[in-house]
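I have placed the structure first, in the form of structure tokens, so that the comments after it can refer back to it.
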Amino acid sequence: MDETEFWALIDSTREDAEGDPEEQAELLIERLTRLDPEAVMFFARHFESRYSRANQWDLWAAAWILLDGVSDDAFDAFRCWLIGQGREVFETAAHDADSLADVLEGFDEELDGDAEDLGYAADEAYEQLTGIVMPDLGLPEPPEDPSGVSLNLEDDTALAERLPKLWDRFSG
């Protein structure tokens, strides 16, 4: 499975689930179980590398603004959701978190921003296919701390300065 196939699976499941992250995760598991275990591992590697790439202070700040504050675990679920939004949204956000203000059609903090189950879809599919837990993916250990310049997420002024478009559109 290459990067194009990875994003095609993400996009088709999101579209078929009509944006519902739980339904998207279920569809993803269903479609991954149609593949061989090696392809599922390739999918998992693609997912994990993007999940690690999204561990950025600016994206945490974006999640904080969009969801009115997020814990470590909620930020993890947000990164899964961000991947689930597809290549355009993910790449745009990974390059410039403030640009999420331009690419998010609508954002409902009750429905959006949390797709933890997407992070487990490849593991679940692999186990269904093989009856065993997916082996180590052979990826480097991700850094513990987010990349980029840290900021106090509880400082509204700092958030507004760092991500002005998101702040203007989604705060308060």
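Side-chain atoms are counted along with the backbone in the values below, which use heavy atoms only and exclude waters and symmetry mates.
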If every non-hydrogen atom of [X] is compared with every non-hydrogen atom of [Y], which pair is closest and at what distance?
X      : Y      : result
Trp60  : Val70  : NE1-CG2, 3.3 Å
Ala94  : Leu59  : CA-CD1, 4.3 Å
Ala122 : Leu32  : CA-CD1, 3.8 Å
Pro37  : Tyr126 : CB-CE1, 3.5 Å
Ala62  : Leu166 : CB-CD1, 3.4 Å
Ala25  : Asp117 : CB-CB, 3.6 Å

Quick check: does any side chain N or O of [X] sit under 3.5 Å from a backbone N or O of [Y], one acting as donor and the other as acceptor?
X      : Y     : value
Glu116 : Cys80 : no
Ser52  : Ser49 : no
Gln24  : Ile10 : yes
Ser71  : Ala74 : yes
Asp114 : Trp81 : no
Trp7   : Arg87 : no
Glu5   : Asp2  : yes

Could you tell me whether the side chain of [Y] reaches within less than 4.5 Å of the side chain of [X], counting heavy atoms only?
X      : Y      : answer
Thr92  : Asp102 : no
Pro142 : Glu48  : no
Phe6   : Ile83  : yes
Asp156 : Trp167 : yes
Leu35  : Leu129 : no
Leu67  : Phe107 : yes
Asp98  : Pro164 : yes
Leu100 : Val89  : yes

About how many Å separate [atom2] of [Y] and [atom1] of [X], when rounded to the nearest 0.5 Å?
X      : Y      : atom1 : atom2 : answer
Ile65  : Arg169 : CD1   : CZ    : 12.5 Å
Asp96  : Asp58  : CG    : CG    : 8.0 Å
Glu161 : Leu151 : CD    : CG    : 10.0 Å
Asn152 : Arg162 : CG    : CZ    : 11.0 Å
Arg50  : Leu82  : CZ    : CG    : 12.0 Å
Phe75  : Leu153 : CZ    : CG    : 9.0 Å

Chi angles and distances behind the side-chain contact (heavy atoms from CB on, under 4.5 Å) call for Asp16, Arg31 = CA-CA 12 Å; Asp16 291 348; Arg31 292 182 189 168; 2.4 Å; yes
Spell out, yes or no, whether [X] and [Y] are grouped together once hydrophobic residues are joined by side-chain heavy atoms under 4.5 Å, including indirect joins.
X      : Y      : result
Phe42  : Ile132 : yes
Leu9   : Leu137 : yes
Val133 : Leu139 : no
Val149 : Trp64  : no
Phe78  : Leu159 : yes

Verify salt bridge (Lys or Arg N to Asp or Glu O under 4.0 Å) between Arg14 and Asp11, making sure each step is shown before the conclusion.
-> CA-CA 5 Å; Arg14 184 189 65 259; Asp11 289 340; 3.0 Å; yes
For Leu104 and Leu66, run side-chain contact (heavy atoms from CB on, under 4.5 Å): C-alpha distance rounded to whole Å, both residues' side-chain angles, the deciding distance at 0.1 Å, then the answer.
-> CA-CA 11 Å; Leu104 290 180; Leu66 290 166; 4.0 Å; yes
Should we count [atom1] of [X] as having more than 12 external heavy atoms under 6.0 Å?
X      : atom1 : answer
Glu22  : CD    : no
Glu154 : CD    : no
Glu3   : CD    : yes

Verdict with reasoning, Met134 to Val40, per side-chain contact (heavy atoms from CB on, under 4.5 Å) = CA-CA 9 Å; Met134 187 183 303; Val40 175; 4.0 Å; yes
Would you mind telling me which of Thr13, Ile29, Leu28 makes a side chain to side chain contact (heavy atoms under 4.5 Å, CB included) with Leu118?
-> Leu28
Charged N to carboxylate O under 4.0 angstrom, Asp76 versus Arg79?
-> yes
